Amino acid sequence: MKKIIFTTNAPAPIGPYNQAVLVGNTLYTSGQIALHPETGELVLTDIETETQQVMENMKAVLAAAEMDFSHVVKTTIFIMSMGHFARINAVYGRYFDEKTAPARETVQVACLPKNVNVEISMIAIK
């Protein structure tokens with residue numbers, strides 16, 4: 001049975017999807033972008049700030065499912081430019097213990113929702 005996960009501490013979905021779905025002990029998150037949950041405004045000051053907002057949104061979704069980054073087993077990072085990879089990676093890396101970090105792929109794409117520079121989704125297991 002699936003359980004819908006929702007928190008006001010992360011941006012509300014902007015389409016026909018949920019922030020996350022919990023099936024048994026596995027959490028599947030939707031991609032998060034740098035929308036500030038309180039204002040609904042994009043946080044696009046620079047790629048580091050944008051990535052931090054994405055990770056904070058993801059942190060809130062994980063918390064709503066009573067999980068944290070230590071539960072994450074897989075991430076997918078979509079970026080507009082591989083030129084931002086190192087800077088995104090530096091911010092992303094602050095949220096994980098390198099020894100137990102999840103599996104991951106990073107993919108450059110042609111366009112992302114609201115023309116942001118980075119979107120991240122995760123799978124976590126409790």
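Side chains are part of it too, since the values below use all heavy atoms of this structure and drop only hydrogens, waters and symmetry mates. Here the structure is a predicted model, which means the values were calculated and not measured.
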* **Residue pair Lys126 / Ala65: nearest heavy atoms and the distance that separates them** => NZ-O, 4.4 Å
* Looking at side-chain heavy atoms only, is the closest gap between Ile4 and Val21 below 4.5 Å? -> yes
* Asked: Could Arg104 and Tyr92 be counted as a cation-pi pair, given that NZ or CZ must be under 6.0 Å from the ring centre and within 45° of the axis?
  -> yes
* To do: Would you check, one step at a time, whether the test side-chain hydrogen bond (donor to acceptor under 3.5 Å, both in side chains) holds for Thr76 with Glu105?
  => CA-CA 5 Å; Thr76 302; Glu105 67 261 329; 2.4 Å; yes
* Show the numbers, then the answer: is there a side-chain contact (heavy atoms from CB on, under 4.5 Å) between Glu119 and Val54? => CA-CA 7 Å; Glu119 179 176 1; Val54 171; over 6 Å; no
* Whether Gln19 side chain and Thr29 backbone form a donor-acceptor pair below 3.5 Å -> no
* Asked: In terms of heavy-atom contacts, does CD of Glu38 have more than 12 from other residues, nucleotides or ligands at under 6.0 Å?
  -> no
* **Contact summary for Leu35 and Pro11, nearest pair of heavy atoms** => O-CG, 3.1 Å
* Would Met67 and Met58 show up in the same hydrophobic cluster when neighbours are defined by side-chain heavy atoms closer than 4.5 Å? -> yes
* **Residues Ile5, Leu27; criterion side-chain contact (heavy atoms from CB on, under 4.5 Å); working and verdict** => CA-CA 9 Å; Ile5 302 299; Leu27 182 72; 3.7 Å; yes
* Asked: Under 4.5 Å between side-chain heavy atoms, hopping through other hydrophobics if needed: is there a path connecting Tyr95 to Ile79?
  -> yes
* To do: Would you indicate whether the side-chain heavy atoms of Asp68 and Lys59 approach each other to under 4.5 Å?
  => no
* Asked: Okay, side chain of Gln52, backbone of Val91: is any donor-acceptor separation there less than 3.5 Å?
  -> no
* Asked: Should Phe69 and Leu22 be counted in the same cluster of Ile, Leu, Val, Met, Phe, Trp and Tyr side chains packed under 4.5 Å apart?
  -> yes
* Mark yes or no for whether Thr106, through its side chain, and Ile77, through its backbone, hold a donor-acceptor pair below 3.5 Å. => no
* Would His36 and Val43 satisfy side-chain contact (heavy atoms from CB on, under 4.5 Å), going step by step from the backbone distance to the final call? -> CA-CA 7 Å; His36 191 282; Val43 179; 4.0 Å; yes
* Say whether Ile47 and Leu42 are linked into one hydrophobic cluster, either directly or through other cluster members, by side-chain heavy-atom distances under 4.5 angstrom. => no
* Structure fact -> Closest heavy-atom pair, Arg87 versus Asp46, reported as atoms and distance to 0.1 Å, is NH2-CB, 4.5 Å
* Asked: Does some side-chain heavy atom of His84 sit less than 4.5 Å from a side-chain heavy atom of Val118?
  -> no
* **Other residues, nucleotides, ligands: >12 heavy atoms within 6.0 Å of Lys114 NZ** => no
* Asked: When rounded to the nearest 0.5 angstrom, what distance separates OG in Ser121 from CD in Gln32?
  -> 10.0 Å
* Tell me, with the steps shown, if Thr51 and Thr49 meet side-chain contact (heavy atoms from CB on, under 4.5 Å). => CA-CA 5 Å; Thr51 304; Thr49 305; over 6 Å; no
* Asked: Is there side-chain contact between Pro37 and Asn57, with at least one heavy-atom pair below 4.5 Å?
  -> yes
* List the atom of Val61, the atom of Ala10, and the distance in Å for their closest heavy-atom pair. => CG2-CB, 3.7 Å
* For the pair Gln108 (side chain) and Met82 (backbone), establish whether a donor and an acceptor sit closer than 3.5 Å, ignoring hydrogens and angles. => yes
* Asked: Under a 4.5 Å side-chain heavy-atom rule over Ile, Leu, Val, Met, Phe, Trp and Tyr, are Ile33 and Phe78 clustered together?
  -> yes
* Asked: Taking all atoms of both residues into account, what is the closest heavy-atom pair of Met122 and Val72, and its distance?
  -> SD-CG2, 3.7 Å
* Does the side chain of Thr45 come within less than 4.5 Å of Glu50's, by heavy atoms? -> no
* Distance in Å, Ile125 CD1 paired with His71 NE2, rounded so as to fall on 0.5 Å steps -> 10.5 Å
* Asked: Does atom CD of Glu66 have more than 12 heavy-atom neighbours, drawn from other residues, nucleotides or ligands, at distances under 6.0 Å?
  -> no
